[in-house]
Number of protein chains: 2
Amino acid sequence: MTTTQELAEGLDDLPYNVFAKACPSRGTLEHVMGRWGGLTLGALYEGSLRFNELRRRVDGVSEKMLSQTLHALERDGLVHREAQPTNPPRVDYELTPLGRQVAERLLTLIHFVEGSMDEVLAARERYDSARA
Amino acid sequence: MTTTQELAEGLDDLPYNVFAKACPSRGTLEHVMGRWGGLTLGALYEGSLRFNELRRRVDGVSEKMLSQTLHALERDGLVHREAQPTNPPRVDYELTPLGRQVAERLLTLIHFVEGSMDEVLAARERYDSARA
DNA sequence: CAGCATCCCCGGGGATACTG
DNA sequence: CAGTATCCCCGGGGATGCTG
């Protein structure tokens, strides 16, 4: 079990600190935790996917945003793009080893939130009815 | 009637599936992983903080956005707000037990990203110079 | 101190059309 | 299929001012 102490110390002692406005880690974290970035990494955890497969899997994402998201993640070294020069074209996206480690931690969070939704929904009802 | 969406959810064996556009878990995940939500939960992991302490800790957040973020997290049952009727007023924010579990997983991700920044920055340089 | 209210701007992001 | 290009709108979010 990770202690409070260890988690807190890590934040202060690392060369990169996401709580600092100008830290480059904040940009990457926004790619990873952004509206579509997180879901994209999560979807790719199960295996490589083609563009439109990915698009169907990440329900609601537009072509433009998926393209943009993939570029950012590829640039950060989290996703690898493999294009086959066939006709029709076939492009596969897969996680890099680093992306895989990020996605793993991301999915831990995602699954926990999914599993907590009943509690969250109950909290909302309490909150709303308390000030109705 | 059985929709494609319901079948997809069935595959995960979870009542909530964040990959489905209409799933309520997506909203909560956006609160948790949003630009300011994640940092706010992370900051509160170390202990309860007052409004302006929090604001200084989450470098760059505006008053309005912090207020908005805290309301959303409080409504979702992740943050508890404790107001003292003193003068001047004192309000403490702290994680609920649920919020604490979320924050723990969040910090694992944040910490990992911070620790990967050298690798990320290197990947960016490779990416950029490859198409300069 | 802890905020809500208001104004306002810019860019996130959707819709559509087009290309290789 | 796998995108890019363009248009355009709405709301995220900053700045400022005010209150208890």
Side-chain angles (χ1 to χ4, degrees), chain A residues 19 21-22 26-40 43-44 47-76 79-94 127-128 130-131, chain B residues 19-22 26-40 43-44 47-76 79-94 127 130-131:
Chain A
F19 289 100
K21 185 166 47 179
R26 202 177 267 194
T28 296
L29 199 75
E30 276 167 19
H31 295 158
V32 167
M33 308 217 320
R35 189 167 174 202
W36 303 119
L39 294 177
T40 299
L44 286 174
S48 80
L49 290 172
R50 303 175 61 176
F51 188 82
N52 282 301
E53 286 175 340
L54 203 42
R55 216 189 140 194
R56 278 186 296 273
R57 188 105 179 62
V58 181
D59 191 16
V61 69
S62 69
E63 223 171 59
K64 178 182 161 187
M65 289 317 297
L66 180 57
S67 179
Q68 224 172 75
T69 299
L70 284 169
H71 279 311
L73 295 176
E74 189 193 355
R75 191 169 104 99
D76 283 354
V79 164
H80 175 68
R81 181 180 187 278
E82 183 104 21
Q84 252 104 46
T86 60
N87 191 347
R90 177 192 180 95
V91 180
D92 288 284
Y93 291 92
E94 63 182 348
Y127 182 95
D128 291 343
R131 61 210 73 208
Chain B
F19 289 100
K21 185 165 51 181
R26 202 177 266 195
T28 297
L29 198 75
E30 277 167 18
H31 295 157
V32 166
M33 308 219 319
R35 188 169 175 200
W36 303 119
L39 294 176
T40 300
L44 286 173
S48 80
L49 290 172
R50 303 175 60 176
F51 188 82
N52 281 302
E53 286 174 340
L54 203 42
R55 212 184 142 198
R56 278 186 296 275
R57 188 110 178 65
V58 182
D59 191 16
V61 68
S62 70
E63 210 174 70
K64 178 182 162 186
M65 289 317 296
L66 181 57
S67 180
Q68 226 172 72
T69 298
L70 285 168
H71 278 309
L73 295 176
E74 189 194 354
R75 192 169 103 99
D76 283 352
V79 163
H80 176 67
R81 180 180 186 277
E82 183 104 25
Q84 251 104 42
T86 59
N87 191 348
R90 177 192 180 95
V91 180
D92 288 283
Y93 291 93
E94 63 181 348
Y127 183 94
R131 60 211 74 206

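Every chain is numbered from 1 and lettered A, B, ... according to where its sequence line falls, protein lines coming before strand lines.
A/L70 has its CG atom 16 Å from the C1' atom of C/dG13, to the nearest Å. A straight line from CG of B/D92 to P of C/dC1 spans 14 Å, rounded to a whole angstrom. Counting to the nearest Å, the C1' atom of D/dG13 and the CD atom of B/Q68 are 8 Å from each other. The nearest whole Å value for the distance from the CD atom in B/Q84 to the P atom in C/dA2 is 11 Å. Taking atom CG on A/L49 and atom P on D/dC1, their separation rounds to 14 Å, with Å as the unit. Remark: C1' of C/dC4 and CZ of A/R131 are 14 Å apart, rounded to the nearest angstrom. Across the protein-nucleic acid pair, A/R90 atom CZ and D/dG3 atom P stand 12 Å apart, rounded to whole Å. Whole-Å rounding puts the B/F51 CZ to C/dG3 C1' distance at 6 Å.
For A/R50, whose side chain is taken as the heavy atoms from C-beta onward, the closest listed nucleotide among D/dA2, C/dA15, C/dA2 is D/dA2. The A/K64 side chain lies nearest to C/dG14 when the options are C/dC1, C/dG14, C/dG20. If you check D/dG13, D/dC1, D/dT4 against the side chain of A/S67, the one that comes closest is D/dT4. You'll find that the side chain of A/E63 is closest to D/dG3, out of C/dG14, C/dG3, D/dG3. Closest approach to the A/M65 side chain among C/dG14, D/dG13, C/dC1 is made by C/dG14 (side chain taken as heavy atoms from C-beta onward). Here C/dG14 is the nucleotide among C/dG14, C/dG3, D/dG14 with the atom lying nearest to any side-chain atom of A/R35.
For the pair B/H71 and C/dG3, the criterion of a side-chain N or O lying under 4.0 Å from OP1 or OP2 is not met. Side-chain nitrogen and oxygen atoms of A/Y93 include none within less than 4.0 Å of the OP1 or OP2 phosphate oxygen of D/dC1.
Proximity of B/L39 to B/V61: side-chain heavy atoms (C-beta onward) are nowhere separated by under 4.5 Å. Annotation: side chain of B/Q68 is not in contact with side chain of B/H71 (no heavy-atom distance under 4.5 Å). Inter-residue side-chain proximity for B/R26 and A/D59 is flagged as met; some heavy-atom pair is nearer than 4.5 Å. The shortest distance between side-chain heavy atoms of B/V32 and B/D76 does not fall below 4.5 Å.
Each of B/N52 and A/P88 has a nearest nucleotide on DNA chain C; the 5'-most of these lies closest to B/N52. Nearer the 5' end of DNA chain C, as judged by each residue's closest nucleotide, is the contact made by B/R56, out of B/R56 and A/G60.
A cation-pi geometry, defined here as NZ or CZ lying under 6.0 Å from the six-membered ring centre and within 45° of its normal, does not hold between A/R55 and A/F51.
Residue-level contact check: B/R81 touches the backbone only, with heavy atoms under 4.0 Å from sugar-phosphate atoms and none from bases.
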